[in-house]
There are 2 protein chains.
Amino acid sequence: MDEKEAPDATDRPSSVPGAASLTPVSYLVLGLVARHGTATPYDLKSFAAQSVGNFWSFPHAQLYKEPPRLAEAGLLAEEREEFGRRRRIFRITDAGRAALAEWLASGETALGELRAPGLLKLAFAELGRPADAVTLARGQAAAHRAQLASYEAFAALPADAMPWSLRRALELGLGYERLQVDFWEALVGDLAAGRIPPSPSAGPAPPGS
Amino acid sequence: MDEKEAPDATDRPSSVPGAASLTPVSYLVLGLVARHGTATPYDLKSFAAQSVGNFWSFPHAQLYKEPPRLAEAGLLAEEREEFGRRRRIFRITDAGRAALAEWLASGETALGELRAPGLLKLAFAELGRPADAVTLARGQAAAHRAQLASYEAFAALPADAMPWSLRRALELGLGYERLQVDFWEALVGDLAAGRIPPSPSAGPAPPGS
DNA sequence: CCAGACATGTAACAGGTTACATGATTCG
DNA sequence: CGAATCATGTAACCTGTTACATGTCTGG
């Protein structure tokens with residue numbers, strides 16, 4: 001409805017002209033809009049699902065909530081369709097491009113954690129029955145096998161189906177799922193063989209010591 | 001002090017008698033208390049930091065908030081020290097033990113996502129300058145190298161320093177960090193060599209094999 | 001006994017997740 | 001033209017996070 005001119009940013013302590021605290025979702029949206037020129041929230045949902053959505057899913061509610069926020073911060077420009085769905089079409093602004101570039105250029109390098117629920121459960125598996133550990137390992141192996149298959153199907157797309165950076169990211173995803181599959185399958189084997197105690201002693205003895 | 005009998009659960013729509021919606025933190029607390037017999041919130045902080053905290057960090061605020069919640073649900077019993085700090089000591093109840101056992105036995109197998117900020121950034125690296133990608137890859141490689149070193153130090157502890165399940169989980173963490181290090185270092189190499197386009201065609205065959 | 005570290009909590013905020021609810025389009 | 005599906009949004013809840021604030025012990 002009414003357009004707030006947002007005269008200046010001094011009244012809002014958190015919204016500095018350049019860039020406030022932007023979350024991963026913000027950069028996802030900025031990046032997708034920048035890549036495609038324009039996008040509706042629904043487009044974002046599709047784009048995300050087909051690219052990073054493989055290893056980082058975003059509920060659609062966020063993709064409808066975030067663009068307006070970014071528009072209010074001046075990083076996106078919004079326009080309405082005149083007829084039909086009257087959907088919101090977003091386009092990146094110079095400020096948005098700058099924020100995105102700054103993010104890409106910054107060497108912040110937060111490395112996020114391996115928050116796998118299965119891993120947490122495994123860490124406490126000693127408190128349960130051995131059979132439970134087998135169930136867990138089997139289930140994890142199966143689930144990761146499925147995920148791996150999904151990744152492989154995606155990776156089988158022709159070379160020009162995705163930018164090199166995304167493909168590269170996908171490769172890490174592939175390696176990750178392979179690691180998981182191998183890990184859980186090995187665990188299943190060890191548990192079945194009765195050698196519940198750890199350390200397969202197949203130590204790679206890495207360089208160093 | 002006063003023991004709340006929690007007469008019934010009908011007044012709270014979300015708190016079913018058996019088990020309500022328990023989060024990963026809940027199970028962490030339940031598991032740690034079960035393992036150690038009793039624990040104060042501060043103990044939990046220490047225990048967590050020394051075990052799963054390596055790959056899943058919990059801010060101490062949560063570890064002070066969660067036990068009372070679990071106590072209210074009847075899964076933990078709380079008692080106060082009489083003198084000194086008068087700290088809260090928690091002990092697991094039969095209901096708590098049951099909830100924990102059920103969790104361990106359930107084959108829910110949620111497999112959580114690979115939400116690595118660096119990976120997200122990489123997926124959009126094509127929008128930035130090539131030099132930015134190098135910076136990113138270098139930074140990630142260094143950060144993961146540090147993390148790997150930390151894991152290795154932890155893994156070097158004597159065999160009886162931790163239960164087998166935790167050690168096993170740690171091994172996955174090690175593999176994960178190695179994967180990350182290899183991945184980012186390879187990326188640095190490819191970028192430096194000018195072969196920015198993807199698929200090095202150097203088949204997987206990771207160094208471990 | 002003072003300083004510093006260790007320990008213990010709580011309040012406020014922000015973000016994600018779930019759920020609800022409805023609008024538009026297509027196809028049989 | 002009705003039903004199913006696709007598309008679009010919003011509201012409430014809840015949890016994780018950040019920040020603050022203070023209390024208690026130990027050692028010099």
Side-chain angles (χ1 to χ4, degrees), chain A residues 1 12-16 19-29 38-50 52-53 56-73 78-90 110 112-113 115 117 120, chain B residues 1 12-16 19-30 38-50 52-53 55-73 78-90 110 112-113 115 117 120:
Chain A
M1 39 172 248
R12 288 273 197 76
S14 64
S15 74
V16 254
S21 66
L22 299 180
T23 69
V25 198
S26 313
Y27 292 114
L28 171 78
V29 171
T38 63
T40 69
Y42 187 75
D43 290 337
L44 293 173
K45 183 184 139 192
S46 315
F47 295 156
Q50 287 163 8
V52 284
W56 193 330
S57 73
F58 299 87
H60 81 274
Q62 275 189 270
L63 302 179
Y64 279 86
K65 224 189 324 185
E66 191 65 18
R69 271 187 36 182
L70 294 175
E72 211 170 333
E78 172 181 355
E79 54 185 292
R80 280 269 189 181
E81 259 186 356
E82 310 256 324
F83 312 103
R85 300 244 166 146
R86 294 193 47 73
R87 55 199 142 183
R88 304 168 166 188
I89 301 178
F90 292 92
E113 300 174 341
R115 296 194 175 181
L120 183 66
Chain B
M1 37 169 257
R12 287 274 196 77
S14 63
S15 74
V16 254
S21 66
L22 299 180
T23 69
V25 199
S26 312
Y27 292 113
L28 172 79
V29 170
L30 284 177
T38 64
T40 69
Y42 188 76
D43 291 336
L44 292 174
K45 183 185 138 191
S46 316
F47 295 156
Q50 287 163 8
V52 283
F55 56 81
W56 194 328
S57 74
F58 299 88
H60 81 275
Q62 273 189 270
L63 302 179
Y64 278 87
K65 224 189 323 181
E66 192 64 17
R69 271 187 35 182
L70 294 176
E72 212 169 334
E78 173 180 355
E79 57 186 289
R80 280 271 190 182
E81 259 187 357
E82 308 257 323
F83 313 103
R85 299 247 164 145
R86 294 192 44 73
R87 54 199 143 183
R88 305 167 165 189
I89 302 178
F90 292 92
E113 299 174 342
R115 296 194 174 180
L120 183 65

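All of these numbers come straight from a predicted model, not from anything done at the bench.
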Can you figure out which of D:dG9, C:dA19, D:dT18 approaches the side chain of A:Ala61 most closely? C:dA19
Can you check the A:His60 NE2 to C:dT18 P distance for me, whole Å? 12 Å
Would you indicate which nucleotide in D:dG9, C:dG9, D:dG16 comes nearest to any side-chain atom of A:Pro41? D:dG9
Measure from CG on B:Leu44 to P on C:dG9 and round the result to the nearest Å. 11 Å
Rounded to the nearest angstrom, tell me the gap between atom NZ in A:Lys65 and atom P in C:dG16. 7 Å
What is the separation between atom CZ on A:Arg115 and atom C1' on D:dT15, rounded to the nearest whole Å? 12 Å
Could you tell me how far apart A:Glu66 (CD) and D:dT10 (C1') are, to the nearest whole angstrom? 16 Å
In terms of the angle between their ring planes, are B:Trp56 and B:Phe58 parallel, tilted or perpendicular, with boundaries placed at 30° and 60°? parallel
Rounded to the Å, how far apart are B:Glu113 CD and C:dG16 C1'? 12 Å
To the nearest 0.5 Å, atom NE2 of B:His60 lies from atom NZ of B:Lys65 at 10.5 Å
Return the value, rounded to whole Å, for the distance between atom CG of B:Leu63 and atom P of C:dG9. 12 Å
Identify the two heavy atoms, one from A:Glu78 and one from A:Phe90, that lie closest to each other, and give their separation to 0.1 Å. CB-CE2, 3.6 Å
Round to a whole Å and report the spacing from NZ of B:Lys45 to P of D:dT17. 16 Å
Applying side chain to side chain contact (heavy atoms under 4.5 Å, CB included) to B:Leu44 and B:Leu28, what does each step give before you reach the verdict? CA-CA 9 Å; B:Leu44 292 174; B:Leu28 172 79; over 6 Å; no
Would you indicate, yes or no, if C:dT17 has its OP1 or OP2 atom less than 4.0 angstrom from a side-chain nitrogen or oxygen of A:Gln62? yes
Hey, is the side chain of B:Arg69 poking within less than 4.0 Å of OP1 or OP2 on D:dT15, counting only N and O atoms? yes
